[in-house]
Structure formats: structure tokens, C-alpha cells
Amino acid sequence: MDLLELRDEIDKIDREIVRLYEERMKISQQVAEYKITTGKKVLDKEREIKKLNAVKDMAHNDFNRYGIEELFEQIMSMSRKLQYQMLTEKGIFQKLPFMEVDRLEVKEARIVFPGTNGAYSQEAMDKYFGEGIHSFHVDNFREAMEAIEEGRADFAILPIENSQAGSVHEIYDMLVEFENYIVGEQIIPIEHCLLVLPGTKIEDIQTIYSHPQSLMQSSKFLHAHSSIRQVGMQNNAFAAKKVMEDRDRSQAAIASAKAGEVYELEVLERGVNNSTNNSTRFIIVTNQKIFCKDAKKMSICFEVPHKSGSLYHMLSHFIYNHLNMNRIESRPLLDRTWEYRFFIDFEGNLGDGAVKNALRGLREEAANMRILGNY
């Protein structure tokens, strides 16, 4: 047979595969109707494993066995997605314990930010909440989360990602540890400045204090002054405060110009960070399960079995429901070696049918799926 004849044969087989696939999906609809009537779960893992083993045994070599397994995993995955869609269309929703609100009530709210006066987190807070707010600061991220959980504050603002240094992993871990939820975000540009006591010259400086990420973001400047010792601090504003309190001209801080104003330090050099395109994304967190009706972004996390294709099958729920993913991040599970929890940001609102479909599938098929916020 020549190539054209071979392709004609493949076309005939493909038409038959499509016909059989559609026939199978019609049967899946009937299965869904039965499950809706009886209240049975869509995913029957034991049945699927038996089915995969049975169809693999029909193949005649190892290569085909692997191919058949992958093919039928996809077919059964599409069948489940059809059933999830039918459940949603019939108004059978999993109850999500989140309350829709018109807007965040911030007029009398107490806001907590990590660091001290002059911190970037304070700048992000002021930009998001505006003037005249009731705020206080704590030393670190954990204390901010605890203040929310204990009700001493209504909202906390925390850095979660920098465009140059990447994610703040500690925040991701604490979003799982604490029963707190994301309700907003604020992105601010970052310009690191070299702050000194008035009259200090660059040759006077022996030690520079700053947050480790800020030191990393300013690596080119620091490399050019390699004789200066670098000391990490909990927060940039703490670094500026230390320089002010110690009154030592051999010390300098890398922090914001705002911190320089607060602690009456001189800006010896602006923009010491490597890139002018440097921004930090902050999240606004509360202990209430709420979301604004105009929310457009979702954050979730989940775990998957430690086997080939597990993550791919989870991500297929976003593809099938036409949901655009913005970000995926992984964090190791402390009690299980080489296993991970995945954090995903995607576009959508808890009131959207497509979001409900995706969350239903993820909740049934992933381990420990959790909604971190809609904002």
C-alpha cells in the first residue's frame, strides 16, 4: 500500500474511533443520570483501576499496553468531566463555605502589617486601604497571621511574590497552616535605596543591613562594593531603624526612600536593586470565608498521589473548563519525602459555573484540596 492508501485506512479507523467515543459518552450521560438519582459519587477509583487493568490485558505488547492505559485514562477523565458538568447544570452544587459580599468592610477595620514604620508592607497597606485606617505592626509574618486568627486584627497584608526574587515560601506554608483566607492583593514597585546617617560617604560604610531578599536583589551593587559586610535582617525597615538608633556612620541600610524619611536617614544612592522592573505582590488576608462579588482571581492548593501523570490529570480540569491559570507553585510536604503540595492561581469567581465544575473535579480527585481565597 502506498502512503495515501495508508492514510485513507487511518481516516476510516479514526472515524470509527470518534463514533465509538461519542457512543461511549452517551452511555456516560446515562451513568451520570443514575448517579444523580442515587446520590453516588462520580469518581469510582476501584472500578477505574479494574477497568484499566482489563483493557491493558487486551493489548499485545508493552508499548501498546502503555498507550492503551493512557488512552483510557483520558477517556474516563472526560467521562467524569461530563458528569461533573451535568451535576452543575442540574443545580447540584457542592456547598462552598464562602459568603459573597459586595465589598470589604474596611472603615473601622484593624489592619496589621509585618515589620515596622517605613516597611514596604506599610506602603502596600496604605495604597490598598487608603488614608485614615487603624493599623499596627508586628515583628514577622507569623505574628501577623496569628493576629488575624485570634481576632486582634481584621486584615493582614503580607508579601507573597517578588518579580525578581520569586515567591515568599513561608507565606505559602502559613496559608495552609492557618485558617485565614485571601480577599485582595496589591502590587507595588520596589526601589531599594542605600540609607545612611546624614553626611556619611560610601567609603565610611563597613556594614549594610537589609532583608536577605533585598540583599539578593541588590547583588550587582553589593558586588561592586564587595568589601562591605552584608547582614540579613527580618525586615528592611528594621534595618533602617537600626542605623538610626546606633548612630554609627559605618552602618547603612538598604530599604525604601519612605523608610529613610521615617528614620531621618539620607538617601546616599537610589535604585541599588539590579532591575528597575522590580515589583512585589502583597496579599490581603482575613479569617472570614468571604469573597467580593466582583472577584476575578482564585487561589487554591492541593496534593496529588506520587505517581506519573497525577498533576497532569488535575490540571486538565482547568483546561476542560477554559480557566486561565496565572501561576503554579510547589512546596514539599514535611512528613512525606519527595511529595509536594501545589498552589495554583487562576482566573474566575466562585459564582461561575466553570469554576464550580473545576473545583468539584479537583475536590473529588485530588488530596486535601483547599480554597485559599477568591479576590
Side-chain angles (χ1 to χ4, degrees), residues 95-115 119-122 124-129 133-162 167-188 234-235 280-303 326-331 333-334 341-346 348-350 355 359 362-363 366-375:
K95 290 185 178 179
L96 300 172
F98 283 78
M99 184 175 68
E100 182 184 289
V101 296
D102 290 333
R103 61 186 178 278
L104 299 180
E105 294 295 335
V106 300
K107 190 175 180 182
E108 300 297 327
R110 296 156 298 167
I111 322 295
V112 61
F113 66 93
Y120 283 118
S121 54
Q122 184 184 39
M125 177 188 70
D126 291 343
K127 191 167 183 179
Y128 186 87
F129 290 101
I133 57 174
H134 305 288
S135 67
F136 64 97
H137 55 82
V138 290
D139 285 349
N140 54 56
F141 302 150
R142 177 167 292 276
E143 289 181 9
M145 278 291 204
E146 289 171 347
I148 293 295
E149 188 175 61
E150 295 165 3
R152 291 184 286 114
D154 300 299
F155 300 99
I157 186 156
L158 299 162
I160 195 166
E161 178 187 4
N162 178 267
S167 301
V168 184
H169 294 142
E170 186 180 354
I171 300 298
Y172 281 100
D173 293 340
M174 286 193 290
L175 284 170
V176 176
E177 180 183 349
F178 289 87
E179 288 289 332
N180 296 330
Y181 305 92
I182 307 169
V183 290
E185 68 177 356
Q186 180 65 56
I187 299 172
I188 63 167
Q234 223 169 8
N235 184 278
T280 294
R281 180 166 69 98
F282 290 81
I283 54 173
I284 290 80
V285 179
T286 184
N287 63 1
Q288 302 175 66
K289 288 187 174 181
I290 59 174
F291 69 101
C292 292
K293 65 180 181 181
D294 61 350
K296 296 179 175 63
K297 188 174 184 180
M298 293 279 304
S299 290
I300 65 170
C301 67
F302 57 79
E303 300 158 28
N326 306 111
R327 182 172 180 79
I328 182 168
E329 183 81 19
S330 66
R331 294 289 295 143
L333 297 175
L334 297 180
R341 178 180 292 112
F342 292 91
F343 295 82
I344 290 178
D345 293 347
F346 64 96
N349 183 285
L350 280 169
V355 171
L359 292 178
L362 288 164
R363 196 178 292 279
N368 302 319
M369 198 281 282
R370 180 175 167 186
I371 298 170
L372 300 175
N374 190 196
Y375 48 99

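Below, each value reflects all heavy atoms present in this structure, side chains not excepted, and no hydrogens, waters or symmetry copies.
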Return the set of residues passing side-chain contact (heavy atoms from CB on, under 4.5 Å) with Tyr128 (not counting sequence neighbours), or none when no residue passes.
-> Leu104, Gln186, Ile284

Less than 6.0 Å separating the ring centroids of Tyr172 and Phe343?
-> yes

Residues in salt bridge (Lys or Arg N to Asp or Glu O under 4.0 Å) with Glu108, at least two apart?
-> none

Is any side-chain heavy atom of Tyr120 less than 4.5 Å from a side-chain heavy atom of Thr280?
-> no

Could you list the residues that satisfy side chain to side chain donor-acceptor pair (under 3.5 Å) with Glu179, not counting sequence neighbours?
-> Tyr181

With side chains defined as the heavy atoms from C-beta onward, is the minimum distance between Leu175 and Arg370 less than 4.5 Å?
-> no

Any residue meeting ring-ring contact (aromatic ring centres under 6.0 Å, His included) with Phe155, in chain and number order, not counting sequence neighbours | Phe129

Looking only at non-hydrogen atoms, find the nearest pair between Ala147 and Val112 and report the distance.
-> CB-CG1, 4.3 Å

Residues two or more places apart in sequence or in another chain: which of them pass side chain to side chain donor-acceptor pair (under 3.5 Å) with Arg331?
-> Asp173

All salt bridge (Lys or Arg N to Asp or Glu O under 4.0 Å) counterparts of Glu149, not counting sequence neighbours = none

Euclidean distance, Asn140 CG relative to Glu170 CD, rounded to 0.5 Å | 7.0 Å

Which pair of non-hydrogen atoms, one from Pro114 and one from Pro159, has the smallest distance, and what is that distance?
-> CG-CD, 4.5 Å

So do Glu100 and Phe291 actually touch side chain to side chain, heavy atoms under 4.5 Å?
-> yes

By salt bridge (Lys or Arg N to Asp or Glu O under 4.0 Å), Lys293 pairs with (sequence neighbours left out) Asp102

Shortest non-hydrogen contact from Ser167 to Glu329?
-> OG-OE1, 2.9 Å

Check whether any side-chain heavy atom of Gln288 sits under 4.5 Å from a side-chain heavy atom of Asp154, and report yes or no.
-> no

Pairing residues for Asn287 by the side-chain contact (heavy atoms from CB on, under 4.5 Å) criterion, not counting sequence neighbours = Ile148, Asn180

Report the distance from atom CZ of Arg327 to atom OG of Ser299, rounding to the nearest 0.5 Å.
-> 10.0 Å

If you measure from CD on Gln122 to NZ on Lys127, what distance do you get to the nearest 0.5 Å?
-> 15.0 Å

Do side-chain atoms of Asn374 reach the backbone of Lys297 as a donor and acceptor pair under 3.5 angstrom?
-> yes

Looking at side-chain heavy atoms only, is the closest gap between Val138 and Glu146 below 4.5 Å?
-> no

Check whether any side-chain heavy atom of Val355 lies under 4.5 Å from a side-chain heavy atom of Asn349, and answer yes or no.
-> no

Taking only residues two or more places apart in sequence, or in another chain, which ones meet His134 in a side chain to side chain donor-acceptor pair (under 3.5 Å)?
-> none

Atom of Ala156, atom of Ala144 and distance for their closest heavy-atom approach = CB-O, 4.2 Å

Fit a plane to each ring of His137 and Phe113, take the angle between them on a 0 to 90° scale, and name the class: parallel (under 30°), tilted (30 to 60°) or perpendicular (over 60°).
-> tilted

Hits for salt bridge (Lys or Arg N to Asp or Glu O under 4.0 Å) against Asp345, two or more places apart or cross-chain, chain-then-number order -> Arg281

With sequence neighbours left out, the residues meeting side-chain contact (heavy atoms from CB on, under 4.5 Å) with Glu177 are Arg142, Met174

Hey, does the side chain of Asn235 reach the backbone of Asp139 with a donor-acceptor pair shorter than 3.5 angstrom?
-> no

Atom pair NZ (Lys296) and OH (Tyr375), whose distance is rounded to the nearest 0.5 Å | 13.5 Å

Partners of Ala366 by side-chain contact (heavy atoms from CB on, under 4.5 Å), sequence neighbours excluded?
-> Phe302, Met314

Reported CD-to-OG distance for the pair Glu303 and Ser330, which is rounded to 0.5 angstrom = 12.5 Å

Output for pair (Ile283 CD1, Leu372 CG), nearest 0.5 Å, gives 8.5 Å

Less than 4.5 Å apart, any side-chain heavy atom of Ile290 and any of Val183?
-> yes

Check whether any side-chain heavy atom of Asn368 lies under 4.5 Å from a side-chain heavy atom of Val176, and answer yes or no.
-> no

For Glu161 against Val168, the heavy-atom pair lying closest together | N-CG2, 4.1 Å

